[in-house]
Amino acid sequence: MAHTGRVPPTPFAERVLDLVATIPAGRVLTYGDVARHLGSRAPRAVGNALARFGGGVPWWRVVRAGGGLPTGHELAAAERLRAEGVVVRPGPGGPSVDLECYRWVPGRA
DNA sequence: AAGCTGACTCGCT
DNA sequence: GAGCGAGCCAGCT
């Protein structure tokens, strides 16, 4: 087939995937933090990139501001995080993680 | 070319 | 404390 079958990720999406792929297990980042590390303020674009091309990276390590898991994928993310040893706390509106404890900062293990 | 949507975030009421 | 609206960037139709 002439078509690639897989849509090539955009340069921006590729950057997001690259950064998310560098997140160590047991640590999490927020959409806003990822966007900021890329030099942009588009947390929505980050979520969009993961939604389209996040199938090859640990997208579950990316959470919303406040520790909330990605809308519509809270269960999948919670299960993956738990498998990595992250303590996911169930709460109103969905499971959440302690950013103060699991928020990963480049340079700070 | 223009407009709308989206795995978001922050601020105000 | 909770809910609502506006703002923002990037990608897609």
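Chain letters run A, B, ... following the sequence lines, proteins first and then strands; every chain starts at 1.
- Contacts between residues 74-89 of chain A and DNA chain B, defined by a heavy-atom separation under 4.0 Å, are absent.
- Listed by first and then second residue, the ring pair (Phe, Tyr, Trp, His ring centres under 6.0 Å) pairs that reach into residues 63-104 of chain A are A/W59-A/H73, sequence neighbours excluded.
- Within residues 30-41 of chain A, the residues having any heavy atom closer than 4.0 Å to DNA chain C are, in order of number, A/S40, A/R41.
- Taking the ring-ring contact (aromatic ring centres under 6.0 Å, His included) definition, one finds that A/W60 meets it with nothing, sequence neighbours left out.
- Within residues 54-64 of chain A, the residues having any heavy atom closer than 4.0 Å to DNA chain B are, in order of number, A/W59, A/R64.
- Contacts between residues 9-21 of chain A and DNA chain B, counted as heavy-atom distances below 4.0 Å, involve no residue at all.
- Sorted by first and then second residue, the pairs that involve residues 78-95 of chain A and meet side chain to side chain donor-acceptor pair (under 3.5 Å), not counting sequence neighbours, are A/R61-A/E84.
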Could you pull out the protein-nucleic contacts involving nucleotides 1-4 of chain C (nitrogen or oxygen on both sides, under 3.5 Å)?
none

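- A salt bridge (charged side-chain N to carboxylate O under 4.0 Å, His left out) check over residues 45-55 of chain A, counting only residues at least two apart or in different chains, returns nothing.
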Which atom pairs link the protein and nucleotides 5-7 of chain C when you take only N or O atoms and keep those under 3.5 Å?
none

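- Residues that satisfy the side-chain contact (heavy atoms from CB on, under 4.5 Å) test with A/A78, not counting sequence neighbours, are A/L69, A/V88, A/P95.
- Among residue pairs with one or both ends in residues 17-43 of chain A, those qualifying as side chain to side chain donor-acceptor pair (under 3.5 Å) are A/T30-A/D33, A/D33-A/R103; sequence neighbours excluded.
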